[in-house]
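Some notes on the structure that comes next.
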Amino acid sequence: MNDSAADDRSGSVDSGSPGAGEGTRAVRAGLPEAVKHEPTLPGPVFAAHYHLPGEPTGPYAYGRDENPTWTHLERAIGELEAPGRDDVETLVFASGMAAVSSVLFSQLCAGDAVVLPGDGYQALPLVRSQLEAYGIEVRTAPTGDDAQLGVLDGARLLWIESPSNPGLDVCDIRRLVGAAHARGALVAVDNTLATPLGQRPLELGADFSVASGTKQLTGHGDVLLGYVTGRAPETMAAVRRWRKIVGAIPGPMEAWLAHRSIATLQLRVDRQNSTALALAEVLREQPEVTGLRYPGLHDDPAHKVASQQMRRYGCVVSFTLPTRARAERFLEALRLVDDATSFGGVRSTAERRRRWGGDAVPEGFIRFSVGAEDPEDLVADVLRALEESAG
Ligand SMILES: *Cc1c(COP(=O)(O)O)cnc(C)c1O
């Protein structure tokens, strides 16, 4: 953990945002100015169109372009992704994939080259074939050891996912950004796993921070959402235009639920991440567990780089059990942990990743998302399930 990390955690004053520690910032993020008799966080605005007599000026004209509930949420996310900076813009989307696609498809044209992680989110191969169908060259390299450096020449955009999902490898974002910018390439970072409280890609030099808000940002497993935060007005205008023409917009109810959830983001992230570390430390002692990964473990291969750029290490722990059957029995034996995909929710989930076929992981590979249960209860449940699933 570096010094700025320690400062932020103790909730001390952040130079970028006077008087506001991270928890304070999270509970107040994006709130409008207080108005007598109005709620603190205004409820969702359900509107396809707005009163608009005369010349069509001002932000709110049609519901596919703008909504006041999005505006509050976009401000909130911007304050967390880039505290103290008013030169950034955030746009919310119907899902993480809508946000991911908005950057890739608005920034790339036929003849461009893009660098994607070879070990990233499982929908990226689908995106890859669509990009290729549009005449865009796609190169891939693994996240670990900054391997993407080797394929940057001539690329228009570098896509980083750090920590990667589900392998939890980490790359040196500052270093990759430096190399990409020196070659004239833009850089986008998928910040889903870290959340803006774990990592702030724009401060590491990236042009875009992109994330699925479906995961820990909203954290209750009941909302799909995505966002893009970016700093260059022209590139963000292209992302906005993409949202308008594709129409992948969040409903006002989802946007409002997301904003409501951000108020507890620091509480959830601190609880879930510290339990994830405790669970990883216990799993490390189990002989049947191999390939254990958690960037917050001091001896994890990713820890050194992670500690230079992350302030919190996430709620996902990955490990491998000896066989597929053992992994299935383990998942079945868990009582406090739902066998379900996705991650980041207040209720722990785990799954055998190989069941989807996509990720290049062993049959017994488990992605475990740590929730907000009491750490002792969760660890006891896991140890009991490991024992019951043996033999
Ligand atoms: C889930 C996820 C996405 C896609 O988000 P959706 O909200 O499911 O569309 C993108 N990137 C990462 C790293 C994810 O985990």
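Along the sequence shown, residues carry numbers from 1. A quick note: this is a predicted structure, and the numbers were derived from the prediction, not measured. Counting starts at 1 for both ligands and their atoms, in listed order.
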Open item on the list: What I want to know is whether A98 and ligand 1 share at least one N or O pair that is separated by under 3.5 angstrom.
Closed with: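 No; the residue has no nitrogen or oxygen that sits under 3.5 Å from a nitrogen or oxygen of the ligand.
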
Task: E328 with R352: basic N within carboxylate O range, under 4.0 Å - done: yes

Task: P301 side chain near R293 side chain, heavy-atom distance below 4.5 Å - done: yes

Task: Expected output: side-chain E161 to main-chain N165 donor-acceptor under 3.5 Å - done: yes

Considering heavy atoms of the protein only, find what lies nearest to [atom] and give residue, atom and distance to 0.1 Å.
{"atom": "atom 6 (P) of ligand 1", "value": "G96 N, 3.3 Å"}
{"atom": "atom 11 (N) of ligand 1", "value": "D190 OD2, 2.7 Å"}
{"atom": "atom 4 (C) of ligand 1", "value": "Y121 CE2, 3.5 Å"}
{"atom": "atom 15 (O) of ligand 1", "value": "K215 NZ, 2.7 Å"}

Which of the numbered atoms in ligand 1 are below 4.0 angstrom from a heavy atom of [X]?
{"X": "F343", "result": "15 (O)"}
{"X": "M97", "result": "4 (C), 5 (O), 6 (P), 9 (O)"}
{"X": "T214", "result": "6 (P), 7 (O)"}
{"X": "T192", "result": "11 (N), 12 (C), 13 (C), 14 (C), 15 (O)"}
{"X": "E161", "result": "13 (C)"}

Quick one: [atom1] on [X] to [atom2] on [Y], what's the gap to the nearest 0.5 Å?
{"X": "I262", "Y": "L217", "atom1": "CD1", "atom2": "CG", "answer": "4.5 Å"}
{"X": "L277", "Y": "L297", "atom1": "CG", "atom2": "CG", "answer": "6.0 Å"}
{"X": "D87", "Y": "M236", "atom1": "CG", "atom2": "CE", "answer": "11.5 Å"}

Open item on the list: Heavy-atom contact check, 4.0 Å cutoff: does N165 meet ligand 1?
Closed with: yes

Open item on the list: Taking Y134 as the starting point, is it possible to reach W159 by hopping between hydrophobic residues whose side chains are less than 4.5 Å apart?
Closed with: yes

Open item on the list: Check for me, please, whether V210 and L265 land in the same ILVMFWY cluster - side-chain distances under 4.5 Å, paths through other members count.
Closed with: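 No, V210 and L265 fall in different hydrophobic clusters.
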
